[in-house]
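A short worksheet on the structure shown next.
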Amino acid sequence: MLELGLKNRVAIITGASDGLGRATAEKLAAEGCKVAICARREAHLRDVAETIASTTGSEVLAVPADVSKAADIERFVGAAVDRFGGVDIAVNNAGKSAAASLEEVDDAAWQEDLDLKVMGAVRVCRLVVPIMRARGGGSIVNATIVGGKAPLARALPTSVSRAAGINLTKSLANEYAADQIRVNTICIGLLKSEQWVRRAAGRPVEELYQELSASVPLGRIGEEAEYADLVAFLVSDRAAYITGTAVNLDGGMAAVV
Ligand SMILES: NC(=O)c1ccc[n+]([C@@H]2O[C@H](COP(=O)([O-])OP(=O)(O)OC[C@H]3O[C@@H](n4cnc5c(N)ncnc54)[C@H](OP(=O)(O)O)[C@@H]3O)[C@@H](O)[C@H]2O)c1
């Protein structure tokens, strides 16, 4: 058995009321972490927190917050520290699809994407790093996409925002290794989540997954649990020698290592 050693660690996860973030909150709570989660829709977030707490027996704090707003992030991290006394693990997971061509994306859409995906992660990291340093170390995982390494055409602004997230990951890994703070990123390809249910727009989502599978060498869309397992490994003591890496979780789809 691979013992992750996560019991009683404090984990904060952004965008954790659905999809990959929710699966991660469930996994870390099941491993014994105290978990703080945020998302914008308050009632749904609170329902999810209650469900995870009752199924895992771990403490789960729900803080309604929009990660594209600095004040909301401060409130989220502050509430986690007030409740649990610190932070050991931060997962910058919140995000949304934003793929169009150059001439379709105006300045406001660029700014919105940068605020959510780049500044959201920057602000969370800036708040948690001093807390982690004072505790003797910590671990951060940033969700990005394989298109941040190998952009396709008409995938703006997200390819650019995610390239910044990959660069931020390596930059912070370099800056804080001496403080025993590890920073890694998961470069996502296609993984099942609520966003695909929405994009299926009433069609059975399995039909959409089947169509999308054609572009994946392993022949299928990834599972939420496969993301959550990778996050749990990366933030655990089993990955204590891993920092500054960008792991593709894409079934072999990207043309880059
Ligand atoms: N699934 C994939 O194939 C895939 C592919 C590429 C990248 N990703 C990335 O993986 C991450 C998770 O995606 P997912 O597929 O799990 O998405 P999802 O199923 O749509 O879930 C997104 C979660 O994030 C929350 N959220 C969205 N915007 C937020 C904001 N501004 N502030 C706080 N919370 C916010 C949502 O709740 P509220 O709406 O209530 O805020 C929800 O809980 C995202 O960063 C996404 O871009 C996923």
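Read the numbers this way: they start at 1 and go in the same order the structure lists the ligands and their atoms. Keep in mind that what you see is a predicted model, and the values were worked out from it rather than measured.
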Would you call E50 and R46 a salt bridge, taking side-chain N to carboxylate O under 4.0 Å as the test? no
Non-hydrogen side-chain atoms of I140 and M132 separated by less than 4.5 Å: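 Sidechains of M132 and I140: in contact.
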For a quick check: using heavy atoms under 4.0 Å, what are the residues in contact with ligand 1, sorted by chain and number?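 Close residues (ligand 1, cut-off 4.0 Å): G15, A16, S17, D18, G19, L20, A39, R40, R41, A65, D66, V67, N93, A94, G95, K96, L116, I145, R162, I188, G189, L190, L191, S193, E194, Q195, W196, R198.
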Return yes if a side-chain donor-acceptor contact under 3.5 Å exists between D66 and S68, otherwise no.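 The criterion, which ignores hydrogens and geometry beyond distance, is satisfied for S68 and D66.
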Counting only heavy atoms not in E207, do more than 12 fall under 6.0 Å of its CD? yes
What do you reckon, is CZ of R154 surrounded by more than 12 foreign heavy atoms closer than 6.0 Å?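 Counting other residues, nucleotides and ligands, CZ of R154 stays at 12 neighbours or fewer.
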Set of residues satisfying salt bridge (Lys or Arg N to Asp or Glu O under 4.0 Å) with respect to D18, sequence neighbours excluded: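 Per chain and number, D18 pairs via salt bridge (Lys or Arg N to Asp or Glu O under 4.0 Å) with R41.
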